[in-house]
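Worksheet: the structure to be examined is printed underneath.
Below, chain A is the first sequence line, B the second, and so on; all start at residue 1.
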There are 2 protein chains.
Amino acid sequence: MKTQNRSYREIAEVIKKRIENNEYPINALIPKQVALAEEFSVSRTTIAKALDILISRGFLYTRRGAGTFVTKSMVLSKQDFYVQDYIGLTNQFPDDTVTSKIILFEIVFPDEKVQSALNLKAEVPVYNVIRLRLLNGQNYMLEHTRMPVHLIKGLHSEILQKSIYKYIKETLKLTMSGAWRKIFADKPNEQDKEYLGCTETDPVMRVEQIVCLTDGEPFEYSITTRKYDQGSFIVIDQKSRF
Amino acid sequence: MKTQNRSYREIAEVIKKRIENNEYPINALIPKQVALAEEFSVSRTTIAKALDILISRGFLYTRRGAGTFVTKSMVLSKQDFYVQDYIGLTNQFPDDTVTSKIILFEIVFPDEKVQSALNLKAEVPVYNVIRLRLLNGQNYMLEHTRMPVHLIKGLHSEILQKSIYKYIKETLKLTMSGAWRKIFADKPNEQDKEYLGCTETDPVMRVEQIVCLTDGEPFEYSITTRKYDQGSFIVIDQKSRF
DNA sequence: GAGTGGTCTAGACCACTTG
DNA sequence: AAGTGGTCTAGACCACTCT
């Protein structure tokens with residue numbers, strides 16, 4: 001019944017659900033690798049690979065010689081942003097209404113910063129988009145995005161009002177594989193005050209990111225800005241490998 | 001000459017150095033897995049595991065059917081903080097002088113927040129430490145740490161002036177294995193203004209973290225605060241697995 | 001000493017890219 | 001069609017924990 005390959009990911013999903021359903025309660029010892037291998041009819045190596053995913057996500061931890069245990073779960077507030085998994089606002093809030101107001105939409109030549117971020121020459125045109133993103137009708141964040149025109153073909157304002165990522169994935173059939181993100185606090189600028197309702201003493205949180213396609217080609221350079229009280233950024237880090 | 005096991009980590013280190021030395025230049029195709037397996041006299045599986053590390057760190061990317069390539073490197077400013085690898089200030093700045101001024105050092109019973117973070121009962125005593133950390137003599141960050149007394153035995157002020165992590169690792173022989181971190185911007189409080197030189201309009205960046213030992217037991221709950229212009233937080237995210 | 005996870009091997013088949 | 005990475009297997013030995 002395996003969907004051919006990738007069974008280790010499916011097994012990880014199943015085990016994750018068991019943790020979420022309390023079938024494997026917090027701090028409990030879960031079945032040993034050999035038993036799981038037998039249950040799923042795979043080799044022990046495949047089970048180890050599945051468990052590795054859940055370990056790196058912070059769901060499980062192991063003690064060599066003792067077994068594999070369920071980690072005490074960390075509370076994630078709904079508005080918090082699990083940095084390592086971010087794939088767009090629409091995905092972060094699937095149960096809420098995410099809309100966008102287009103503040104700027106043009107095609108320009110990239111400045112030096114953008115050339116370097118997107119690995120482009122100066123004469124390759126890029127979209128230059130500023131959107132105000134609203135969550136359930138409330139102003140939520142400002143997003144300034146630059147994307148190469150030749151990669152993200154046929155972008156138009158109707159798409160910008162919904163989800164760019166959805167368009168990239170479903171219409172263009174492109175897959176993203178990685179991102180580099182820089183998170184920092186800043187003083188609000190005029191635009192932040194206007195659109196996010198910041199006063200002079202309200203800090204903002206900015207995320208500068210470069211997102212790449214499967215082939216490592218960067219297709220998005222963006223800076224998003226939120227008011228300081230609109231959520232936090234969560235980073236889970238397990239089992240460092242160096 | 002293998003140190004017994006862990007050869008995949010050593011191989012990853014060697015390949016990482018080759019990238020850093022430009023022996024494998026940016027965007028270049030590196031030798032195929034079978035060739036590397038032969039070079040290092042290991043199986044292809046071991047090479048794949050080594051490459052996985054470098055892929056997740058953002059140094060390499062693969063294209064099935066084509067090969068493994070070096071990623072365009074992302075610039076990390078020296079003061080930036082690579083979140084997934086953080087193991088203390090002393091480690092972040094090995095070439096600088098990190099000192100500490102102890103502002104508070106006491107043993108108390110944990111409040112509810114700390115009980116929950118460290119998985120402790122109310123009657124289990126914890127250290128309550130506030131330190132001002134200085135980098136090359138300059139005030140750099142404020143750190144408020146709570147640690148269970150029974151885990152971090154024999155802490156005293158001399159250790160606090162240097163590195164707690166070094167003490168935990170070298171004297172207590174404990175190993176840390178994971179962390180949960182929440183990053184957020186905030187307005188400065190009185191303490192931030194006093195010690196970090198913030199004015200009313202200078203945002204601060206706080207990191208709330210829970211750090212665990214190998215067995216998953218939390219041993220540190222801390223909140224660190226920096227002035228907004230004292231570095232950023234970098235998160236690299238490659239090859240999401242779900 | 002028995003049991004568990006960590007690592008490694010040699011070989012296999014598949015999915016995808018490239019000439 | 002040939003070549004590359006992705007995944008999987010069956011089995012092995014080691015390091016560590018538990019008793």
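When each of dC8(C), dT7(D), dT7(C) is scored by its nearest atom to the side-chain atoms of T46(B), the top-ranked nucleotide is dC8(C). For Q33(A), the side-chain atoms get nearest to dG5(C) when compared with the rest of dT7(D), dG5(C), dT17(C). Of the candidate nucleotides dT9(D), dG5(D), dT9(C), dT9(C) has the atom nearest to the side chain of S43(B). Closest to the K32(A) side chain, of the nucleotides dT4(C), dG11(C), dT7(D), is dT4(C).
Regarding L60(B), its CG atom lies at a distance of 13 Å from the C1' atom of dG5(D), rounded to whole Å. Across the protein-nucleic acid pair, I55(A) atom CD1 and dT4(C) atom C1' stand 13 Å apart, rounded to whole Å. Rounded to a whole Å, the OH atom of Y61(B) is 13 Å from the C1' atom of dT17(C). Regarding L36(A), its CG atom lies at a distance of 15 Å from the P atom of dC8(D), rounded to whole Å. Following rounding to the nearest Å, E38(A) (CD) and dA10(D) (C1') show an atom-to-atom distance of 14 Å. Rounded to whole angstrom, the span from the CZ atom of R9(A) across to the C1' atom of dG6(D) amounts to 9 Å. Between L29(B) atom CG and dT4(D) atom C1' there is a gap of 9 Å when expressed in whole angstrom units. Atom CD1 in I53(A) sits roughly 9 Å away from atom P in dT7(D) (whole-Å rounding).
Applying the side-chain hydrogen bond (donor to acceptor under 3.5 Å, both in side chains) test to every pair with at least one member in residues 22-39 of chain A, sequence neighbours left out, gives these pairs: R18(A)-Y24(A), R18(A)-E39(A), Q33(A)-R44(A). Within the structure, side-chain hydrogen bond (donor to acceptor under 3.5 Å, both in side chains) contacts touching residues 116-127 of chain B (residues at least two apart or in different chains) do not occur.
Comparing L51(B) and I47(A) by the nucleotide of DNA chain D whose heavy atom lies nearest to each, the residue mapping closer to the 5' end is L51(B).
Note on T45(B): every side-chain N or O is 4.0 Å or more away from OP1 and OP2 of dT7(C). Residue R64(A) places no side-chain N or O under 4.0 Å from the OP1 or OP2 atom of dT7(C). Contact annotation: S7(A) does not reach the phosphate of dT7(D) (side-chain N/O to OP1 or OP2, under 4.0 Å). For dC8(D), neither phosphate oxygen OP1 nor OP2 lies less than 4.0 angstrom from any side-chain nitrogen or oxygen of Y8(A). Remark: T62(B) is not in phosphate contact with dG5(D), judged by side-chain N or O atoms under 4.0 Å from OP1 or OP2. Between K49(B) and the phosphate of dT7(C), there is a side-chain N or O to OP1/OP2 separation shorter than 4.0 Å.
Applying the 3.5 Å distance criterion, the base of dG6(C) shares a donor-acceptor pair with the side chain of R44(A).
Applying the salt bridge (Lys or Arg N to Asp or Glu O under 4.0 Å) test between E208(B) and each of R146(B), K113(B), R181(B) identifies K113(B) as the sole match.
Atom CZ of F40(B) is separated from atom CD1 of I15(B) by 5.0 Å, given to the nearest 0.5 angstrom.
Counting heavy atoms of neighbouring residues, nucleotides and ligands inside a 6.0 Å radius, atom CD of E158(B) does not exceed 12 of them.
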